[in-house]
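Structure first, commentary second.
Both ligands and their constituent atoms are indexed starting at 1 by order of listing.
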Amino acid sequence: MTQPAILVTRAIFPHVLEQLKEHFTVESNQEDVIWSPVELAQRLQGKAGAFMTGTERVNAELLAQCPGLKLCANMTVGYNNFDLPAMTAAGVLGTNAPDVLTETTADFGFALLMATARRVTESEHFLRAGKWTRWSYDMFAGAEVHGSTLGILGMGRIGQAIARRAALGFGMPVIYHNRSRLDAGMEASINARYVSKEELLQTADHLMLVLPYSASSHHTIGAAELALMKPTATLINLARGGIVDDAALAEALRERRIAAAGLDVFEGEPTVNPALLTVANVVLTPHIASATVGTRKAMAALAVDNLIGYLVHGKPVTPLNPEVLAPAES
Ligand code: DGY
């Protein structure tokens, strides 16, 4: 029997390619070339599936050019690269990689919070520049983390894992806002109190953003929201670029209207708003919240399981638009 053909759109662990080759005819991109939409459409010709990394746009225009495509499997939990209604209309399944990165991403939330509140990178730059000549009482004095109030905007799996760390490890009261409120048992188990978005902004000493990006979450944090925050507050964006208005944030940071920010994601990344690069009170990392070797392997493994599950056995593991599956398969 001929194996289905698939495209692996970006470089990936070699063992992942080997595993895929046991089931599929594989075209890969270990040179990690960033393909234009035209080239992506060309490479997808004759392919039943694609292993994707969350950076490739799958929209109606692309789908119209790829009639044989059945599955786009992201190795990321985020799937804002997918136009899901267009995929459903074209009968193309989308899958993502939830759960496997939750704890690692929550760890990184704290890494970024600690680095931001305690001014770790700012003080390291100072040291490396040879400016450290003596100890002084207020040198890089930052904000307290333990015991301070953590606000979480977006309370999915990652938000809940952050809340548990905050309460158990750092003795932080946790408040949150989310589209839907958790049930009372879950709130009690993670020790988090539901508040309005306004109260969250006004009360949090540290605000962590972990909500998914969509047209409705675009610029959830802009000038008006930043103006509600405490001047001593820190803002951490672990979620997606576009949730924060980066230009408004750079201005708020420069004017010290909030104390500091830690950003792992950016509007238009990998390009970073140049204004953010010129302010000292911001910690910037290149979208690495899930980047441990073990977690990246687990994320890739779940995308592989989805490809094999759907294209070989008709049963995907984590379908995003199960309505495209035949009734017996959903
Ligand atoms: C995800 O899985 O969505 C992370 O942001 C990595 O891209």
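Checking side-chain atoms of Ser148 against main-chain N and O of Glu144 turns up a donor-acceptor pair under 3.5 Å. Using a distance-only test at 3.5 Å, with no hydrogens or angles considered, no donor-acceptor pair links the side chain of Asn237 to the main chain of Gly241.
With Pro319 as the partner, the side chain to side chain contact (heavy atoms under 4.5 Å, CB included) test is satisfied by one option alone out of Asn96, Leu93, Val324: Leu93. With Leu263 as the fixed residue, the side chain to side chain contact (heavy atoms under 4.5 Å, CB included) test singles out one of Asn273, Thr116, Ile236, Leu249: Leu249.
Note: the hydrophobic cluster containing Trp35 does not contain Val8 (ILVMFWY, side chain heavy atoms under 4.5 Å, direct or indirect links).
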Write none if no such pair exists; otherwise list each N/O atom of ligand 1 with its protein N/O partner under 3.5 Å and the distance.
{"unit_1": "ligand 1", "atom_1": "2 (O)", "unit_2": "Val77", "atom_2": "N", "d": "2.7"}
{"unit_1": "ligand 1", "atom_1": "3 (O)", "unit_2": "Gly78", "atom_2": "N", "d": "2.8"}
{"unit_1": "ligand 1", "atom_1": "3 (O)", "unit_2": "Arg240", "atom_2": "NH2", "d": "2.7"}
{"unit_1": "ligand 1", "atom_1": "5 (O)", "unit_2": "Arg240", "atom_2": "NH1", "d": "2.8"}
{"unit_1": "ligand 1", "atom_1": "5 (O)", "unit_2": "His287", "atom_2": "NE2", "d": "2.7"}
{"unit_1": "ligand 1", "atom_1": "7 (O)", "unit_2": "His287", "atom_2": "NE2", "d": "3.1"}

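Under the 3.5 Å distance criterion, with hydrogens and angles disregarded, no donor-acceptor pair is assigned to the side chains of His23 and Gln3.
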